[in-house]
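Note sheet for the following structure.
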Amino acid sequence: MNSQYDPKQAEEKIYRLWEKSGFADPDKLPGKRTKKFSAMMAPPNITGSLHMGHALENISVDIAVRMKRMQGFKALWLPGIDHAGIAAQNAVEKNLRKQNIRRQDLGREKFVEKMYEWKEKYGHIILDQLKKLGALPDWSRTRFTLDPEYAEAVRHAFIHYYEKGWIYRGERVINWCPRCETGISDLEVEYKEEPAKLYHIKYPLADGGFIIVATTRPETMFGDTAVAVNPKDGRYKKLIGKFAAVPIQNRRIPIIADRGVDMKFGTGAVKVTPAHDVSDFEMSIRHNLPRIKIINEKGIMTDESGVFCAGLKTGECRGKTAEELQKLGLLEKAENYIHNAAFCERCGTKIEPRLSLQWFLKMAELAELTIKAIKNKKTALYPKKWEKPALEWLKNIRDWNISRQLWWGHRLPVWFHEPKCEPKKDREKDVAKCKEFVVSEKKPKCEYCDAEFIRSDDVLDTWFSSALWPFATLGWPKKTTDLSEYYPTDYITSAREILNLWIIRMIFSGMEFMGKTPFKTAHIHATILTKDGKRMSKSLGTGIDPLLLVERYGADAVRFGITYQNLGGQDIRFSEDAIITGKKFCNKIWNATRFVMMANREKISDFNDKNPKPKTAADKKILIALKMANKKTETGIDKYEFGKVLHSLYDFFWHDFCDQYIEESKKQSADPKLAENTNRILFYVLTNSLKLLHPFLPFITEEIWDNLRSAGLKAGPLIIESWPRQV
RNA sequence: GGGCGCAUAGCUCAGCCGGUUAGAGCGUUGCAUUCACAUUGCAAAGGUCUCUGGUUCGAAUCCAGAUGCGCCCACCA
């Protein structure tokens, strides 16, 4: 053995050894294994490249799975990738724009072809990169959220909900991105503070007076169908039930009382535009108000906004309206005002709330189910502090808008009866029974006419399919053996920003379709920040590429460095120093091995893993320390406290074993009465340490193990070599 | 507007179900290399544990408040 460990020389060779062993596939693990452990990889998007978050997540799961595999569990870690709806579509659109092509130029079919080309090209890059980190999931079970079998699961889920009456179609004001031309969810909206003007506008009353409303968006005035005040507001009490006129249009609208109006904001009176504001829409339900759509899907004022603004962009209309109000003397004032403006998270365009026909999933019962599951610890959210925000979100949840006007994704299994049926003379009566749409797995035929059914253009929110991940990947809705063996899973870890987006939705999907929560523990891991506490972001150039670090220091050093700093839910200010510490540690392990091997030379083939008997105080001390390290590692990994465990293993190996015992052993070996026993203990502690360290530092430990086997050690590869027994 | 978290050595962080001289890594300083490893060993310097008040025989640790920083959630026109 060389005096230095060379990761470059070892890593690729070792990974091949693992792949060749087939042990990543739980079906191919040796021995009778009754205990199971399973985890699903959080599927990376087909866009983008590996970042520190992926590294942290997958290293963590890899550690847990490796220990379980060694402990004799039938351990499955299933990998995969996500089609990532809007994110992926935007990435490809952006790419096409470089060649001056818009998706509309290509048409849907051609565009989707381009999407698949992209997926073929980039989809597996991240997964391949994970290998460089030593991650060893069962590649033979890799899934993609648009696989035909997965699509079947998605349709099945949709139809299940629909038949339960939980999916409905309705007009709602939703967040609309005029650039992506699709509705997006609340969770895909980003708020940024922005200076604006708060316009105080006089709405004339019949008696010649005014009611003044405050708004940042005067152009939406043309869609007003009421003015609302708080019922307790003394200033306006006598006006409730009377009428005001929309300026410019002179259209009469009622003055209503609604408890949702904040008396302290602006003038205490608010214009109500039900088609273009979420809370106004809700008010319109409570008060049965008409809804006038004045902004179209591209963010242009419609004809319904009146000749005054029709055809203009909303921003242009705003200026023009303000001017006109000024002229008419109806603009009381326009004060500077900072407000939180909504932007599309994926493309940065300002959101235009819009009344639009969408599909929704009723959340009331699913939320109830999830709240119970979390409260009863069917799934433990860890750290525990995330329970409260999760429950809070569920308590106030609204129905989930599951439709998107995108081209990339699972199309709804909804079929529209189009074109409108042309009645045949002999069947005129039946035609009335033709359905507007049918929800069905396959294209239906109309019983009453010859019209075709055409599949809905809408696709499902990407999270609708991700929500099924823990069981759709195992073959659901078919009753597969994988499903019965590996569902529910034990562990999942994810970034906190997708707690609501993904984790919670997996929980209720699991409850609904499988009757059990999909994982026993959901671990919300820390965010890795830059050294000065900034967010790592590719666009800001603050990101660190984990692969570059692997190149520079070796995979084990990177795994060490990340895990060593991952001590809890606290954000990590990432320091490369920890990786250097890891590299040094690898070298320490390497050289300790060299020493122990040299001490034992010819005798390696004689060793078994029976407990040696301590003869000196130092012997006793190191054997106890090993026992403690073993116990701490086991219980620590079972609690997913990876950083803590690694700290204690580091201290044990470096200080207890190398600094103290190895030094002491040099003296003991000089005594012929102690020499042999001492060497035995050295070997015993070393080999058991390698086992304990293997989940964290798989390459170097396996490489060393390989050397020991070459030197005569009777053992299989470390990856399945049995975990040290606690005596 | 609600909620959560953090503040400990020059830097990054442990410790925090109260109890002997507050720990680690990196950095700094000194000494030590034929004898596993200089990617090393031994030793040292370095902290009024953010501030104020409270509980207690005793507080970095528990409680309240202040200050600073960060994050999440929310339909504030």
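So you know, we letter chains A, B, ... as the sequences are listed, proteins then strands, and number each from 1.
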Below 30° counts as parallel, above 60° as perpendicular, anything between as tilted: where do the rings of A:Phe653 and A:Phe657 land?
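Ring orientation, 0 to 90° scale: tilted.
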Separation of [X] atom [atom1] from [N] atom [atom2], in whole Å?
X	N	atom1	atom2	answer
A:Phe653	B:rU40	CZ	P	14 Å
A:Met52	B:rU12	CE	C1'	14 Å
A:Lys632	B:rG15	NZ	P	13 Å
A:Trp590	B:rU40	CH2	P	17 Å
A:Arg594	B:rU40	CZ	C1'	12 Å
A:Glu190	B:rA74	CD	C1'	16 Å
A:Glu282	B:rA77	CD	C1'	14 Å
A:Leu501	B:rC72	CG	P	13 Å

Measuring only between side-chain heavy atoms, which start at C-beta, is A:Ile374 closer than 4.5 Å to A:Leu394?
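Side-chain contact under 4.5 Å: yes.
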Lys/Arg N to Asp/Glu carboxylate O, [X] vs [Y], below 4.0 Å:
X	Y	answer
A:Arg172	A:Glu282	no
A:Asp571	A:Arg496	yes
A:Asp233	A:Arg235	yes

What pairs with A:Gln326 under side chain to side chain contact (heavy atoms under 4.5 Å, CB included), at least two apart in sequence or on another chain?
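A:Gln326 satisfies side chain to side chain contact (heavy atoms under 4.5 Å, CB included) with A:Leu331 once adjacent residues are dropped.
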Provide the distance between the two C1' atoms, one in B:rA14 and one in B:rA24, to the nearest whole Å.
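Rounded to whole Å, the distance is 7 Å.
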For a quick check of understanding: with a heavy-atom distance under 4.0 Å over all strands, which category does [X] fall into, base, sugar-phosphate or nothing?
X	answer
A:Arg398	base
A:Asp277	nothing
A:Tyr337	sugar-phosphate
A:Tyr564	sugar-phosphate
A:Lys666	base

Aromatic ring proximity A:Phe560/A:Phe696, centre distance under 6.0 Å
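Centroid distance A:Phe560-A:Phe696: not below 6.0 Å, so no.
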Selected nucleotide, minimal atom distance to [X] side chain, candidates [options]:
X	options	answer
A:Arg573	B:rU12, B:rC73, B:rC42	B:rU12
A:Asn591	B:rA36, B:rC73, B:rG25	B:rA36
A:Lys385	B:rU12, B:rC4, B:rU39	B:rC4
A:Ser279	B:rG25, B:rC75, B:rC42	B:rC75
A:Lys388	B:rA77, B:rC4, B:rU12	B:rC4

Name every residue in residues 578-588 of chain A that has at least one heavy atom under 4.0 Å from any atom of RNA chain B, in order of residue number, or write none if there are no such residues.
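Output list: A:Thr581, A:Lys583, A:Lys584, A:Asn587, A:Lys588.
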Any side-chain N or O of A:Trp654 less than 4.0 Å from the OP1 or OP2 oxygen of B:rA24?
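Result: no.
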N or O in side chain of A:Arg496 less than 4.0 angstrom from B:rC72 OP1/OP2
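False: A:Arg496 side-chain N/O out of range (4.0 Å or more) of B:rC72 OP1/OP2.
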Contact summary for A:Val173 and A:Pro274, nearest pair of heavy atoms
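Smallest interatomic distance, heavy atoms only, reads CG2-O, 3.0 Å.
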Tell me which of A:Ile572 and A:Glu497 sits closer to the 5' end of RNA chain B, going by the nucleotide each one is nearest to.
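Its nearest nucleotide being more 5', the pick is A:Ile572.
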Please tell me which of A:Asp651 and A:Asp262 maps to the more 5' nucleotide of RNA chain B, matching each residue to the nucleotide holding its nearest heavy atom.
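Nearest nucleotide further toward 5': that of A:Asp651.
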